Participant: 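Could you have a look at this structure, given as structure tokens, before my questions?
In this text the structure is predicted, and so the values were computed from the model without any measurement. Values reported hereafter were calculated over all heavy atoms of this structure, with side chains retained and with hydrogens, waters and symmetry mates removed.
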Number of protein chains: 2
Amino acid sequence: MFEVLERDGLARIGVLETPHGRVTTPALLPVVNPNQPIVSPRDLASRFRAEILITNAYILGKGTLRETVLRDGVHRLLDFPGAVMTDSGAFQSHVYGDVEVTNAQVIEFQKAIGSDLGTMLDLFSEPEHTLDRAAADVDETIRRAKEAAELKGGLALVGAVQGALHEDLRERCAREVSSLDIAVAAIGGVVPLMESYRFRDLVRVIVASKKGLDPSKPVHLFGAGHPLVFPLAALLGCDLFDSAAYAKYARDGRMLFPDGTRHASEVRDSGCACPVCSSRPMAEIAVDERLLAEHNLHVSFAAVREVRRAIAAGDLWELVERRARAHPALLDALRELRRHNDFLEEYEPLSRPGAMYYVGPETAHRPILHRYRRRLQERYSPSPARGLLALAEGSRPYSDRYAAVVAKALAAADVHPVVKSLWGPVPLELDHVWPLSQSLIPDSPDPEALEAAEVFFRQWAAGAGYALGMLWEGAETIEELRAAAPGPRQVDWNLLRVRATADLQFGRGAADALLRGQVTYVVSKNTGKVRNVLADGEHVLSLRAEDGFFSLKAAGARRLKVAFPPPRLRIVVDADAVPFHREGKNVFAKFVKDADSDLRPADEALVVSPGDELCAVARAAMNRREMLAFRRGVAAYVREGVPSLGSA
Amino acid sequence: MFEVLERDGLARIGVLETPHGRVTTPALLPVVNPNQPIVSPRDLASRFRAEILITNAYILGKGTLRETVLRDGVHRLLDFPGAVMTDSGAFQSHVYGDVEVTNAQVIEFQKAIGSDLGTMLDLFSEPEHTLDRAAADVDETIRRAKEAAELKGGLALVGAVQGALHEDLRERCAREVSSLDIAVAAIGGVVPLMESYRFRDLVRVIVASKKGLDPSKPVHLFGAGHPLVFPLAALLGCDLFDSAAYAKYARDGRMLFPDGTRHASEVRDSGCACPVCSSRPMAEIAVDERLLAEHNLHVSFAAVREVRRAIAAGDLWELVERRARAHPALLDALRELRRHNDFLEEYEPLSRPGAMYYVGPETAHRPILHRYRRRLQERYSPSPARGLLALAEGSRPYSDRYAAVVAKALAAADVHPVVKSLWGPVPLELDHVWPLSQSLIPDSPDPEALEAAEVFFRQWAAGAGYALGMLWEGAETIEELRAAAPGPRQVDWNLLRVRATADLQFGRGAADALLRGQVTYVVSKNTGKVRNVLADGEHVLSLRAEDGFFSLKAAGARRLKVAFPPPRLRIVVDADAVPFHREGKNVFAKFVKDADSDLRPADEALVVSPGDELCAVARAAMNRREMLAFRRGVAAYVREGVPSLGSA
């Protein structure tokens, strides 16, 4: 039912199939009040390109439309050609304290009216609920989810995750509910957090839920209708949002913007490019509820599309960091993210297109840089030099001239140059690797960033065995270095680069395995940089210009397979699939039996049979958790099939 | 010709009158290529609501259209009903090295074709020009400006400011050119800075130019057509922008966005709400130059309107701080602003509507907070207490309960509570003053901000005579304080507040003058806060709920006038205007003879005759420089006329 087409960390562009068409995610579901829709569902489809909407089964079941909707079905009642999701009444229990309907009744009703997605009746955990109370409600929500899964018949079920602010409960509820036969997992109980701008708590709740959720299920964030939160929620892996805000705010004379809410009466020029604002004077818009609702819809749909654009471009983090400046509470949420880096990092790709922009002290704490620093510690073998030449960020050798000076210093003295970058220490031979090679930083970064750079550097240097007395600052000290140094040293710069990159990318020891024997290079005529690496005449690696990492060749993969025991670097596929991969066919998730938990999206991987025979080299599209969960989609793109030894 | 209607610091919403209608500023002037307009001028007026456009007189004068435009005039040629500004060819000299026309010829030609605004032929200073070369070019530019002013006849002239990156030259050129009879001052030579994202240099150039410019003249920033720079440029006092970018970028298949530029071919969902993007698939837009140009226009016009919205709402600083996260070079520009705080502060209002949002470590350096910290040092009399109780930001007494604890501590010990806020130290009796009373900060601010708060606090405490040993941290130490304290102390909280606020607002000594005699209060029944202050039965001050400052009453003004010698707090008006102000009429700038250079927009002021007789109490709308420069508009809104003693 759900297939991921593109991803950027936990965020993804996907397609959700329904009986009433395909829905591209992230998607916004406008909430339609069946009694008085301010913008007709027909208009939502045609003018706003809504592929799905949401309405309330509880209200339909209690009101005067009950008989009509049971007779005609919800699509005909609303006159909407796309998919219709229905909600159950759990939110009404939050508002009114209780609802007069059972879980079983709500499920049966949604089946009867033809909902494309029908929601169970979960118990709404309020943020302030104690652990005991929330645990009891989670138990009951899980019981009802099971009941709903039994009763659902052909209904695509929306299972709910509750648990208040208790992270363990959220994770447990998510795990249990998403293990059932549900089509969508919905994170509930978050409206009170969003209403009071408790975005940091919202981050905690979403992350805890995502940890438990089956990653192959699309995730709905219940009640998230303000464009302010779309980028952050999508970044954390939410795929569906529903907006009652467009109508509710219009009723109060308020306008939604990507950076907040404003009273229409206080706005003279909205500064909005939407069809409403660009064609009419504010005085007319401000007093017209329908125009306000249309503005709100335009802005909300555009905000969701902007998230999709950012996912496709790989710059959703930048968007989140920019948007965080719309409200101090969003900034708090941004600063909370680093607490969850170990989890977020699992979903980070090896690299992203384009340059990394420094936009504040938070940038250095992105999970992809957290990984860089960790891998540097775990995988990079410190140079055997007797000291480190710590270069300031700005002195990175963009120019050949500067590089020559550094090379001279290297040759003259037994020191190793390391850039003290804002992202973490960068030994000069890793300077070409993304994002270290491609990043834009301000001329005068803030003190937090500079201090963090210092801390990153010192921690790494100490861990790598360099004492304080072995650190030299800046390029000005070259003369001093010469004086203090034990003597000239020969450096094969190309070899250093290849070795360091291979270890960083595949693990410590990879360089030894890949480069065993006589090493030769093919060098680019244009850039003078290494392009292909051969060992004993075998083409083992190709360097990618776009991110400075290697593409792995079959010969290289064979060497790595010998050096690294299972499960390292492996994707284990079903025996039946092996012949296809040997011929170069991609690895589909449903045929993956297991995989290295250290693999990340875009990592190079060895595709092996259950008996650990190498059958292809591939570029992963998912991490292990995802490969094991998804029944649809490509788990890894095969670069090169490896014929069986028998057939060779 | 130019009148300011609203302002936010140096930024302003104004009206520029032309023979072809009124132009609301900030305004965007689309550049129209007369030979092949991609969007017709008629469409620009009707569909994009353009009130003014710009085209090139040099190109018109050289090309095949020369005879037509001389015969029909530029408006008929372009078929545009609004105002037309023409450029002179100076930019062409930057591109091609030279132009085959003289300043006098260009001026005559622009007169002949009926330009509403015609530009002199200045010499384009390249950023890398040395001081000597730039100085010679500035001399020639000034000479030509004078020549143009002599030749212009009825033409509204655009004078140009050059001077490369040399701040003194920029200021001198600006001063000389804007002292002539010009309608608009244009800052030139900045396109190379914007093309290479040298926004920090752009800030320096604009500030240096603004220092020299007559503040009553509208300022055009030549070649600024990317929405990325509109908020920053407007914040620094630029009123007009011209965009060739909408068409040039469209020709290259690029789309403008408020946060940058993207290749249309790489964008699947634009995430833009404009009429083009919200009604058509990207695949269609991406290959259609005209649609791209329309998108670019929608986005650019909306960006200018957004700036107007922000000026009217008083939150342009927030917009600039948010937008700075679109590119590291913009962040550098934002961090540059604090270097110019002494100048920027002169234009800052006393307070702004709404809360101040903390959006990064740069917020604390806004000029309005720079002023607060300076005034605190200069105007606030430190409490005679024997120590300071330094309260952390979060412990600010939002709740009565907390306030009671602090009051107890106060009563028990001889210490004075001061919040160590991110904005600077806040003695508790100033806690109700904007923005200290109304600000939103994150729960976990970044270290730069916390460190700055510490530095602000220590510097002030030391300056106020508190030694380190006299500082107590936090509210936890109340018991400790009791033990160490010399004894209970009576505190009249209301009196402390009124005194501290009066001194901060009007200057040290104001409280003594205003409160001489028996002080009584009228207290609000709703809030329990002081509303009116009476001294010996005279109503001297009213406290404003919206910003915590005072409105000055006539009785208070009389007391201040005695206490503070001229020119302090005064606006000196023409003798002829005195009777009108005595009757409560507003002060128009053209009748202002002089004013206190410490007056700021929204400050309370004494309106006096040339002989220093008090004739009204007013709220300033301008600072001194502006009052003396403007010939139009209100310099101060009179609250209360003061009848002459003779007539009383």
Side-chain angles (χ1 to χ4, degrees), chain A residues 13 24 47-49 200 259 262 266-275 277-279 295 298-299 301-310 312-313 318-319 321-332 335-336 357-362 439-449 451, chain B residues 13 24 47-49 200 259 262 266-275 277-279 295 298-299 301-310 312-313 318-319 321-332 335-336 357-362 439-449 451:
Chain A
I13 298 174
T24 301
R47 290 176 46 220
F48 295 92
R49 293 186 280 156
R200 178 148 62 169
D259 58 5
R262 297 188 181 94
E266 292 168 5
V267 171
R268 192 160 350 133
D269 279 302
S270 75
C272 168
C274 86
C277 291
S278 61
S279 68
H295 158 87
H298 280 302
V299 165
F301 277 110
V304 167
R305 291 199 303 270
E306 184 179 25
V307 168
R308 282 192 218 145
R309 181 208 60 68
E318 272 89 350
L319 179 61
E321 291 194 348
R322 283 203 298 279
R323 195 58 46 81
R325 268 70 193 186
H327 195 280
L330 271 179
L331 190 53
D332 267 327
R335 295 178 71 85
E336 168 74 12
Y357 280 13
Y358 175 97
V359 297
E362 295 76 21
S439 57
L440 277 171
I441 60 162
D443 290 342
S444 54
D446 49 274
E448 176 175 352
E451 202 175 298
Chain B
I13 296 174
T24 301
R47 288 176 46 219
F48 295 91
R49 293 186 279 156
R200 178 147 63 168
D259 57 4
R262 297 189 181 95
E266 293 168 5
V267 171
R268 190 156 355 130
D269 279 301
S270 75
C272 168
C274 87
C277 291
S278 60
S279 67
H295 158 88
H298 280 301
V299 165
F301 278 110
V304 168
R305 292 200 303 270
E306 183 180 27
V307 168
R308 281 193 218 143
R309 181 208 59 70
E318 272 88 351
L319 179 61
E321 291 194 347
R322 282 202 299 278
R323 194 58 46 81
R325 267 68 193 188
H327 195 280
L330 271 180
L331 189 54
D332 267 327
R335 296 178 70 84
E336 168 75 13
Y357 279 11
Y358 175 98
V359 297
E362 294 77 20
S439 57
L440 277 171
I441 61 162
D443 290 341
S444 54
D446 49 274
E448 177 176 351
E451 202 175 299

Participant: With a 4.5 angstrom heavy-atom cut-off, which part of B/R262 approaches chain A: side chain, backbone, both or neither?
Facilitator: side chain
Participant: Looking at B/E448 and A/P447, what are the two nearest heavy atoms and their distance?
Facilitator: OE1-CD, 2.7 Å
Participant: With only heavy atoms counted, which part of B/E336 is less than 4.5 Å from chain A, the side chain, the backbone, both or neither?
Facilitator: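 Neither the backbone nor the side chain of B/E336 comes within 4.5 Å of chain A.
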Participant: Roughly how far, to the nearest 0.5 Å, is the CZ atom of A/R49 from the CG atom of B/D269?
Facilitator: 7.5 Å
Participant: Hey, does A/R325 have a side-chain heavy atom less than 4.5 Å from the side chain of B/E362?
Facilitator: no
Participant: Just give me the residue among A/T24, A/V359, A/L440 that pairs up with chain B most often, heavy atom to heavy atom, under 4.5 Å.
Facilitator: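 That would be A/V359.
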Participant: Check each atom of B/A313 against the heavy atoms of chain A and say whether the ones under 4.5 Å are side chain, backbone, both or neither.
Facilitator: neither
Participant: Under a 4.5 Å cutoff for heavy-atom pairs, which residue among B/A449, B/A310, B/S278 has the most contacts with chain A?
Facilitator: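 Most heavy-atom pairs under 4.5 Å with chain A: B/S278.
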Participant: Using 0.5 Å steps for rounding, measure from the CZ atom of B/R322 to the CZ atom of A/R322.
Facilitator: 12.0 Å
Participant: Side chains of A/C274 and B/C274: does their closest heavy-atom pair fall under 4.5 Å?
Facilitator: no
Participant: I'd like to check B/L331 versus A/P442 (side-chain heavy atoms, cut-off strictly below 4.5 Å). Are they in contact?
Facilitator: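 A side-chain contact under 4.5 Å exists here.
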Participant: From A/H298 NE2 over to B/C272 SG, what is the distance, rounded to the nearest 0.5 angstrom?
Facilitator: 11.5 Å
Participant: Counting heavy-atom pairs closer than 4.5 Å to chain B, which one of A/G360, A/A329, A/S279, A/P445 comes out on top?
Facilitator: A/P445
Participant: Would you say the side chain of B/S444 lies within less than 4.5 Å of the side chain of A/R200, judging by non-hydrogen atoms?
Facilitator: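 Contact flag for A/R200/B/S444 side chains = yes.
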Participant: Any side-chain heavy-atom pair from B/E306 and A/D259 closer than 4.5 angstrom?
Facilitator: yes
Participant: Heavy atoms only: give me the nearest A/P328-B/Y358 pair and the separation to one decimal.
Facilitator: CG-O, 3.4 Å
Participant: Could you walk me through whether A/E318 and B/H327 pass the side chain to side chain contact (heavy atoms under 4.5 Å, CB included) test, one step at a time?
Facilitator: CA-CA 10 Å; A/E318 272 89 350; B/H327 195 280; over 6 Å; no
Participant: Could you pull out the closest heavy-atom pair between B/R309 and A/S270, with the gap in Å?
Facilitator: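 Here B/R309 and A/S270 meet closest at CD-O, 3.8 Å.
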Participant: Just so I understand: if I count every heavy-atom pair under 4.5 Å between each of A/A303, A/P361, A/A326, A/A324 and chain B, which residue has the most?
Facilitator: A/A326
Participant: Side chain, backbone, both or neither: which part of B/R335 has a heavy atom under 4.5 Å from chain A?
Facilitator: side chain
